[in-house]
Amino acid sequence: ARVVVLASGSGSTLQALLDAADPAWRVVAVGSDKPAVTALDRAAAAGVETFTVSPRDFADRPAWDTALAAEIARREPDLVVLAGFMRILGAPVVEAFGGRLVNTHPALLPSFPGAHGVRDALAHGVKVTGCTVHLVDAGVDTGPILDQVAVRVLDDDDEATLHERIKTHERALLVDVVGRLARSLPTPTPERTAPR
Ligand code: GRF
């Protein structure tokens, strides 16, 4: 299966996908909303093509969403995976790839959705948090949950130590779920031989 990954940051989650040697799928492209993020360097180092669709290059969010959907579609993905992608996707992307659009979140949804799930869980004083892999729908962190892993919060945890511990489980969970989804797809896109 052909997987396109979207990332906005350091790309350690992306790296786990790039390193996964699962014959059922491969990362065919990595997209970002910002140029020169480490995630794009990781893709390039793995020989995977990259693209950037930056909101500041567009008049409004719908134009950005439409351009992003077109860039993703050009790679003919079977699955689109958000690996630390810090933008809310609008209807053009969700409608184009809904049902094949996967996100990972560093909290046990529906608890602590949004951009600060780790910080919010810590601030709330939970003893157990974790990570969630889910399908993306029109909401924020609200789509059908595919799988979750629980992670215990330690007394001396701060946001960084807790997030790092969650990430170790999150990477493995995402690779596992992508493999399951890839095997569940009806008909894999026949791999083209000629480079596009
Ligand atoms: C991951 O925990 C992801 O769930 C969250 O941000 C983190 C991304 O980390 N949205 P990285 O950029 O992949 O290292």
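Both ligands and their constituent atoms are indexed starting at 1 by order of listing. What's counted below: heavy atoms across the whole structure, side chains too, no hydrogens, waters or symmetry copies.
T13 OG1, 2.7 Å is the protein heavy atom nearest to atom 13 (O) of ligand 1. Looking from atom 12 (O) of ligand 1 to the surrounding protein, the closest heavy atom is G11 N, 3.1 Å. Annotation: atom 1 (C) of ligand 1 to nearest protein heavy atom, E170 OE1, 3.4 Å.
At least one side-chain heavy atom of V102 sits under 4.5 Å from a side-chain heavy atom of L174. Looking only at side-chain heavy atoms (C-beta outward), V153 and V126 come within less than 4.5 Å of each other.
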Step by step, would you call R74 with E71 a salt bridge (Lys or Arg N to Asp or Glu O under 4.0 Å)?
CA-CA 5 Å; R74 270 184 54 200; E71 280 298 306; 3.2 Å; yes
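Although no hydrogens or angles enter the test, the distance criterion places no donor-acceptor pair under 3.5 Å between the side chain of R42 and the main chain of T38.
No N or O atom of G84 sits closer than 3.5 Å to an N or O atom of ligand 1.
When heavy-atom distances to ligand 1 are checked against a 4.0 Å cut-off, Q15 has no atom that comes that close, whether in backbone or side chain.
Of all atoms in ligand 1, listed by their number and element, those nearer than 4.0 Å to a heavy atom of T104 are 4 (O).
Evaluated for a side-chain contact (heavy atoms from CB on, under 4.5 Å) with F51, the options L68, V30, L40 yield exactly one hit, L68.
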